[in-house]
Structures are given as structure tokens and as C-alpha cells.
Amino acid sequence: MQRCYIGLGANLGHPLRQLRDAARALAGLPGCRPGPLSPLYRSAPLGPRDQPDFLNAVAALDTVLAPLDLLDALQHIEAGAGRVRGRRWGPRTLDLDLLLYGDRELQLPRLTVPHPGIAERAFVLWPLADLCGEDFRLPWGSDIGTLKRACPGPAPERQAEGLGPAGGGVELDGNE
Ligand code: ROI
């Protein structure tokens with residue numbers, strides 16, 4: 001089993017519904033056991049600004065799937081949510097990014113792990129820190145707290161509503 005972290009994002013259609021459905025789909029993947037879900041965050045788009053704000057979260061997932069099999073499964077869930085690959089950094093109904101796969105570092109034609117954008121993406125670092133803690137170290141040695149402090153741009157806005165327990169998910173912060 002490997003502990004993986006999946007970044008979830010959406011800014012088209014019904015983002016909250018899509019993220020909730022995606023969390024449920026992740027929890028139901030064969031060979032996978034769902035871990036905790038982070039709180040939900042809203043943020044302005046990184047990249048082109050002429051698109052709606054995003055909702056983002058991170059899900060922990062324990063899996064026996066190999067990295068590329070997990071990637072296939074994530075892309076299958078994206079396609080099921082109506083994801084059409086449009087312009088680069090354009091709006092999307094559902095984005096599922098394989099952020100971390102255990103402590104593995106992979107550079108494959110289809111997949112780079114850890115996700116190469118982690119350090120620049122507040123909308124990834126904040127929910128990842130909620131799940132792993134600020135002292136958690138990425139495979140190349142940086143801890144998440146340091147990356148958060150160095151990350152450009154405003155902090156993402158934590159939302160009152162969450163994705164709900166997706167079979168094994170836990171409430172991280174009581175009623176907050
Ligand atoms: N911006 C934000 N805030 N959240 C995202 O999930 C996100 N995803 C993307 C791009 C378009 C780069 N910008 C984003 O793919």
C-alpha cells in the first residue's frame with residue numbers, strides 16, 4: 001500500500017457537487033482505501049484570470065495501484081465528470097492531480113511525481129498541510145510549512161462547507 005495525495009479542483013458547472021462526487025469516486029476505486037479529506041478552499045485562478053474562482057481540496061488515498069494505473073483511474077473519473085481537455089490552464093469541470101505517491105519521485109512521459117506545481121500552488125499547499133501537518137517533508141526534502149511561507153499570492157479562503165466523509169474520510173476540525 002502506498003499513501004497518495006490527490007489534488008481536486010473545479011471551476012465550471014457545480015464545483016462543489018463535482019468535488020463531492022469525485023471524492024466518493026476516489027473512495028470507491030478498486031485497490032484503494034480512502035484516507036482523510038482536507039477542508040475545501042476557494043481561490044482566484046492561477047493562470048488566466050478570465051475564468052471563475054476555483055474550489056480545491058486534497059484527498060489522501062491508500063492504494064495498491066501502480067502510479068500509471070492510478071493516473072488512468074483519475075483520468076477516468078475526470079472524463080466521467082464531463083471533463084474536456086480545452087486550453088492549457090483554462091477552466092475545468094474537474095481536475096484530479098496525483099500530487100504525491102508515497103515518497104516516490106517519478107519522471108515519466110505522462111506523469112511527474114511529486115506534482116511539479118506543488119510549491120507554487122497555495123490551493124494545494126494549504127489543504128495538504130491540513131492533512132499532513134506543516135512539518136511533513138516532500139521527497140526532495142522541503143517541508144510544507146516552509147513552502148507555504150514562500151508561496152506567492154494570497155492564501156486560499158477556507159470554506160465553511162466541506163466535501164463530507166467519503167467513506168473513511170474524517171472530520172478534521174469539528175464544527176469549524
Ligand atoms: N487555479 C486555482 N486557484 N485552482 C486550481 O485548481 C487551478 N487549476 C488549474 C489552473 C488553471 C492552473 N489554475 C488553478 O489547472
Side-chain angles (χ1 to χ4, degrees), residues 3-63 65 67-101 110-111 113-118 120-132 153-173 176:
R3 167 55 59 103
C4 297
Y5 293 91
I6 315 292
L8 296 82
N11 73 338
L12 282 183
H14 295 89
L16 179 58
R17 190 187 304 162
Q18 283 135 220
L19 295 190
R20 283 188 172 144
D21 289 349
R24 213 170 302 118
L26 284 174
L29 283 178
C32 297
R33 194 163 56 207
L37 291 168
S38 77
L40 194 62
Y41 288 88
R42 174 180 296 278
S43 59
L46 177 75
R49 303 301 294 258
D50 62 337
Q51 53 179 320
D53 282 356
F54 275 81
L55 285 182
N56 289 102
V58 169
L61 190 71
D62 294 322
T63 187
L65 297 179
L68 288 177
D69 292 332
L70 180 57
L71 180 66
D72 285 339
L74 299 182
Q75 291 183 348
H76 186 74
I77 296 172
E78 287 178 342
R83 164 87 183 257
V84 177
R85 290 187 176 264
R87 71 172 152 122
R88 183 167 181 261
W89 286 26
R92 56 233 18 233
T93 45
L94 180 64
D95 199 13
L96 296 177
D97 288 331
L98 180 48
L99 302 170
L100 295 169
Y101 184 96
R110 287 179 60 207
L111 178 66
V113 173
H115 189 285
I118 289 181
E120 293 85 49
R121 297 186 170 191
F123 60 84
V124 170
L125 291 171
W126 262 251
L128 198 54
D130 292 326
L131 291 183
C132 303
E157 263 176 55
R158 189 167 159 170
Q159 303 297 289
E161 67 271 56
L163 293 184
V170 299
E171 285 293 326
L172 288 166
D173 242 331
E176 208 183 298

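Quick caveat: nothing in here was measured; it's all calculated off a predicted structure.
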Check: [Y] and [X] side chains under 4.5 Å, non-hydrogen atoms:
X: His14; Y: Arg20; result: no
X: Asn56; Y: Leu19; result: no
X: Leu40; Y: Leu163; result: yes
X: Leu125; Y: Arg121; result: no
X: Tyr101; Y: Thr63; result: yes
X: Leu100; Y: Ile118; result: yes
X: Val58; Y: Leu37; result: no
X: Asn11; Y: Asp53; result: no

What's the separation between atom [atom1] in [X] and atom [atom2] in [Y], rounded to the nearest 0.5 Å?
X: Leu61; Y: Leu98; atom1: CG; atom2: CG; result: 9.5 Å
X: His115; Y: Glu120; atom1: NE2; atom2: CD; result: 10.0 Å
X: Tyr5; Y: Leu99; atom1: OH; atom2: CG; result: 10.5 Å
X: Leu12; Y: Gln51; atom1: CG; atom2: CD; result: 8.0 Å
X: Leu70; Y: Leu29; atom1: CG; atom2: CG; result: 7.0 Å
X: Ser38; Y: Ile6; atom1: OG; atom2: CD1; result: 12.0 Å

Heavy-atom donor-acceptor pair, Arg158 side chain to Pro127 backbone, under 3.5 Å: no
Does Gln18 use its side chain to pair, donor to acceptor, with the backbone of Thr93 at less than 3.5 Å? yes
Would you name the heavy atoms of [X] and [Y] that are closest together and state the gap between them?
X: Arg3; Y: Pro36; result: NH1-CD, 4.1 Å
X: Leu96; Y: Ala22; result: CD2-CB, 4.3 Å
X: Asp72; Y: Arg110; result: OD1-NH2, 2.8 Å
X: Cys32; Y: Leu65; result: SG-CD1, 3.9 Å
X: Pro39; Y: Asp130; result: CD-OD2, 3.5 Å
X: Leu26; Y: Ala59; result: CD1-CB, 4.0 Å

